[in-house]
Amino acid sequence: MSFAQVLDNLPLQKSPLLRRFGQLISPKSDGELEALAQEAHALTLKNFGRTMRLFAPLYLSNECINNCRYCGFSRDNPILRVTLDVKQVTAEGRHLAQEGFRNVLLVAGEHPRFVSQNYLVDCVRALAPDFSSISIEVGPMETADYVPMVEAGAEGLVVYQETYNRETYSELHTAGPKRDFNWRLDCAQRGYDAGFRRVGIGALFGLCRWQEEAVALAGHVEYLLKHCWQAQVTVSLPRLRPAVGEFHPPFSMSDRELAQLICAFRIVFPEVGIVLSTRERAALRDALAPLGVTMMSAGSHTEPGGYTGQGTGDLHRTVRGRIVAPEFKDGEDHSATGQFEISDSRSPAEVASALRIRGFEPVWKDWDAGLLAT
């Protein structure tokens, strides 16, 4: 049975684990939330110690054939677009390696013409000498299409469902292959079958009631732990940020509710990795870190070429599938458009320093991969 079938029956057939999760995300008093925070912190120390894995997203392309109302890369947005060639990707990667990173996430919009299987394989192969851990976050593919990427050195696959509410999903995804809800939902399973040893999922909070989204996401985690048990499972809990298109989230999630959600995931899934991105402001990230977070991005850019300025000579706009030369507006930055605005603009070194002050040990290298290679 695929998770698509499980999801449809979830409201009537919650497991004991999910019923407990539902209780943990119900309204809590300040005292009850503090008790959850202490329990989550203790479980994090028990299972992960004081380490915090740091990673950087490396955006390859902002071309996309999907219309997603909330995304800056959406097909109909008249943004400045570019796809980095492999040499430019390598230059971006070397910059990140000099910053200390050995863990990188390759991100791209979904556009087979620009972001093909062979292109991704070439990018992974070019970056493999400098990074012990390479993950990809791209459009969903068949299992067979992932295999060459794993063989080239990619070990992680990240795919957010965005929202687990079918009706909301249909309303937000108006064109392109991303409209296929089930195809995206079962992507993590296909990636696991291809050999990825890390599988990451997440929901984009703000598209639906956060409690409803969280229970479905927890159900997905439970499913993957049973069916993809040889992989490390991670979960991301991003909140919507401003992006081109001026989409306004129909739902909100407070800082307090985000903290409660992190605690709930840590308590119910004590060995699952929890990822916190630079979408959140610096002070909040520092406060949330002890509650269960195990991975954080740092110094992030969400536009291709954002770290070194690669690709600026190839900028263009895409109008109804046609590439046209850009006409720059007064004062417009001559760089590719980012997917969304970040909140924590600290450098990697500043993030690492803040973690050390709070008793964490920033980890730049994937020691698991190093041990497996010996």
Side-chain angles (χ1 to χ4, degrees), residues 1-28 32-33 35-37 39-44 47-48 157-169 181-182 184-189 191-192 198-229 231-240 251-277 280 288 291-295:
M1 179 182 292
S2 71
F3 182 66
Q5 296 168 293
V6 174
L7 179 64
D8 291 337
N9 293 319
L10 204 58
L12 298 177
Q13 298 181 4
K14 288 189 179 73
S15 68
L17 203 65
L18 289 188
R19 287 197 293 272
R20 185 186 183 204
F21 183 86
Q23 293 171 349
L24 291 175
I25 63 172
S26 64
K28 303 293 181 189
E32 290 172 326
L33 184 57
L36 291 185
E39 183 178 358
H41 178 62
L43 286 169
T44 303
N47 290 285
F48 297 92
L157 177 68
V158 176
V159 56
Y160 296 168
Q161 188 62 23
E162 318 295 16
T163 175
Y164 286 85
N165 184 296
R166 288 183 181 273
E167 182 179 351
T168 301
Y169 189 98
F181 182 93
N182 286 357
R184 189 171 188 86
L185 190 62
D186 291 331
C187 180
Q189 177 75 59
Y192 173 76
R198 300 185 195 276
V199 177
I201 60 172
L204 192 52
F205 288 90
L207 302 178
C208 195
R209 281 186 68 252
W210 76 267
Q211 295 92 340
E212 174 187 332
E213 209 75 88
V215 170
L217 178 59
H220 201 177
V221 171
E222 183 181 35
Y223 175 90
L224 292 177
L225 290 174
K226 292 178 180 178
H227 295 84
C228 305
W229 56 274
Q232 180 188 35
V233 176
T234 63
V235 62
S236 299
L237 311 171
R239 294 188 292 183
L240 272 168
F251 296 90
S252 63
M253 181 187 198
S254 69
D255 293 349
R256 189 180 192 276
E257 290 167 338
L258 177 58
Q260 182 177 351
L261 182 58
I262 291 173
C263 291
F265 267 104
R266 174 53 63 233
I267 292 169
V268 174
F269 303 107
E271 297 182 358
V272 165
I274 298 178
V275 184
L276 188 63
S277 81
E280 306 300 341
L288 294 175
L291 302 183
V293 178
T294 59
M295 292 182 64

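When reading the values below, keep in mind they use all heavy atoms of this one structure, side chains included, and skip hydrogens, waters and symmetry mates.
Side chain of Ser236 to main chain of Pro238: no donor-acceptor pair is present (N/O by atom type, distance under 3.5 Å, no hydrogens or angles). For Glu162 (side chain) and Leu204 (main-chain N/O), no donor-acceptor pair under 3.5 Å exists by modelled atom type. Judged purely by atom type and a 3.5 angstrom limit, Arg184 uses its side chain to pair as donor or acceptor with the backbone of Tyr160. Distance alone, capped at 3.5 Å, places no donor-acceptor pair between the Arg209 side chain and the Phe251 backbone.
Of all non-hydrogen atoms in Ala188 and Leu157, the two that sit nearest each other are CA-CD2, 4.5 Å. Nearest heavy atoms, Val221 versus Phe265: CG2-CE2, 4.1 Å. Taking all atoms of both residues into account, the shortest heavy-atom contact from Ile262 to Ile274 is O-CD1, 3.9 Å. Looking at every heavy atom in both residues, Ala231 comes nearest to Val199 through CB-CG2, 4.1 Å.
Residues Cys263 and Gln260 fail the side-chain proximity criterion, which asks for heavy atoms closer than 4.5 Å. Between Phe48 and Arg266 there is a side-chain heavy-atom pair separated by less than 4.5 Å. Looking at Ile25 and Leu261, their side chains come closer than 4.5 Å, going by heavy atoms from C-beta outward.
Side-chain atoms of Ser2 and Gln189 include no donor-acceptor pair closer than 3.5 Å.
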Might you work through the side-chain contact (heavy atoms from CB on, under 4.5 Å) test for Leu185 and His220, ending with a clear yes or no? CA-CA 9 Å; Leu185 190 62; His220 201 177; 4.1 Å; yes

Applying side-chain contact (heavy atoms from CB on, under 4.5 Å), run through Ile201 and Gln161 and close with a yes or a no. CA-CA 7 Å; Ile201 60 172; Gln161 188 62 23; over 6 Å; no

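Side-chain rings of Tyr169 and Tyr164 stay apart, their centers remaining 6.0 Å or farther from each other.
Here the NZ-CG distance, from Lys28 to Leu33, works out to 9.5 Å after rounding to the nearest 0.5 Å.
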